[in-house]
Amino acid sequence: MFRVQTNKTYLHKRCEIQTDILRNRECINKIRTYLTVNKNKAIGIAANQLFMTNRIFGIRYGGIQNSKIRTFINPRIISQNGEQISSEGCMSIKAGKKPYNVKRPKSITIQADNMQSPETFEGYYATVIAHEMDHLNGK
């Protein structure tokens, strides 16, 4: 149903801050659909992986049985603390089947246009958010 972007030239471009509500809604719907359809494969996805330039990503958050999809519009990292080594895959590289060891923060605090206040994520979710933020930043 969905192809994931694998072109490094495209993925290395920084995503754009987007304030157009309709464009953001379309992007969010595509992200939500992707994460729903791929619930056993992907925990997060950034807009540029789905061929969109919006600065938006989504994650499946909260236990396996009760997970909810959260989206972050124009997110910004407020702070990061600590360090951990994460073994993670990427849907844009071998469909997420090749794990890489990456240094990530133990905790990360972000603010997004659709959040009332900054929120801190720790451990696994700090890794997921740092990974998706890297995508939005073209890394």
Side-chain angles (χ1 to χ4, degrees):
M1 179 175 180
F2 282 104
R3 282 188 19 203
V4 174
Q5 178 63 264
T6 59
N7 181 310
K8 290 180 184 176
T9 301
Y10 185 87
L11 290 170
H12 287 176
K13 293 180 183 173
R14 186 175 171 87
C15 290
E16 304 165 1
I17 291 175
Q18 180 58 252
T19 57
D20 182 305
I21 293 169
L22 292 178
R23 281 192 67 197
N24 283 343
R25 188 175 298 149
E26 176 186 340
C27 182
I28 288 167
N29 287 340
K30 196 168 185 179
I31 286 170
R32 287 181 171 280
T33 301
Y34 179 86
L35 289 173
T36 300
V37 169
N38 293 285
K39 65 182 171 186
N40 295 323
K41 295 178 188 173
I43 191 74
I45 198 81
N48 58 345
Q49 291 180 279
L50 298 177
F51 302 86
M52 297 174 289
T53 60
N54 304 57
R55 194 165 176 78
I56 299 174
F57 73 87
I59 63 170
R60 212 167 28 305
Y61 184 75
I64 294 171
Q65 298 298 325
N66 301 320
S67 67
K68 304 265 190 256
I69 295 172
R70 293 192 58 186
T71 55
F72 300 85
I73 301 170
N74 302 320
R76 301 163 299 286
I77 295 174
I78 304 299
S79 67
Q80 356 185 33
N81 294 299
E83 193 176 277
Q84 63 183 337
I85 299 297
S86 167
S87 179
E88 55 192 75
C90 179
M91 297 308 290
S92 292
I93 303 171
K94 299 188 185 284
K97 295 178 184 170
K98 183 173 181 181
Y100 294 90
N101 289 328
V102 182
K103 222 179 262 190
R104 297 287 187 196
K106 278 189 179 180
S107 71
I108 191 167
T109 302
I110 65 169
Q111 174 69 56
D113 290 356
N114 59 330
M115 298 169 67
Q116 289 187 5
S117 59
E119 191 169 341
T120 300
F121 296 85
E122 297 185 354
Y124 180 70
Y125 288 107
T127 292
V128 173
I129 288 170
H131 180 104
E132 300 310 330
M133 288 297 293
D134 277 355
H135 276 297
L136 297 183
N137 291 326
K139 294 182 183 175

Practice prompt. Step through the shown structure and confirm whether more than 12 heavy atoms of other residues, nucleotides or ligands are within 6.0 Å of CD1 on Ile21.
Written response: no

Ion pair check, Arg70 and Glu119, cut-off under 4.0 Å: yes

> Is the Phe51 ring parallel, tilted or perpendicular to the Tyr10 ring (thresholds 30°, 60°)?
Replying inline: tilted

When rounded to the nearest 0.5 Å, the distance separating OG of Ser92 from CD1 of Ile45 is 6.0 Å

Inspect the contact between Arg55 and Asp113 and indicate whether a charged nitrogen and a carboxylate oxygen are less than 4.0 angstrom apart. no

### Task
Report, as yes or no, whether the 6.0 Å neighbourhood of atom CZ on Arg14 holds more than 12 heavy atoms from other residues, nucleotides or ligands.
yes

* Please answer whether the main-chain N or O of Gln18 pairs with a side-chain N or O of Asn24 as donor and acceptor at a distance below 3.5 Å. => yes

Value for CD1 (Ile43) from CE (Met91), rounded to nearest 0.5 Å, stands at 11.5 Å

Paired with Arg104, the side chain to side chain donor-acceptor pair (under 3.5 Å) test is passed by just one of Glu88, Gln84, Glu83, namely Glu88

TODO: For the pair Gln49 and Glu132, evaluate side-chain contact (heavy atoms from CB on, under 4.5 Å) and give the outcome as yes or no after the intermediate values.
DONE: CA-CA 10 Å; Gln49 291 180 279; Glu132 300 310 330; 3.5 Å; yes

Whether the side chain of Tyr125 engages the backbone of Gly62 through a donor-acceptor N/O pair (distance < 3.5 Å, no angle test) should be reported.
yes

I'd like to know if the side chain of Asn48 reaches the main chain of His135, judged simply by a donor and an acceptor atom lying under 3.5 Å from each other, with no hydrogens or angles considered. yes

Note to self: For Ile78, I'd like to know if atom CD1 has over 12 heavy atoms of other residues, nucleotides or ligands within 6.0 Å.
What the structure shows: yes

Rounded to the nearest 0.5 angstrom, the NZ-OG1 distance for Lys39 and Thr36 is 8.0 Å

Using a 4.5 Å side-chain heavy-atom cut-off and chaining through intermediate ILVMFWY residues, the residues clustered with Ile93 come out as Tyr100, Val102

On a heavy-atom basis, the closest approach of Ser107 and Thr120 is CB-CG2, 4.2 Å

Exactly one of Ile56, Ile69, Asn114 clears side-chain contact (heavy atoms from CB on, under 4.5 Å) with Ile28, and that residue is Ile56

Self-check item: Short side-chain to backbone donor-acceptor contact, Asn7 and Thr9, under 3.5 Å
Solution: yes

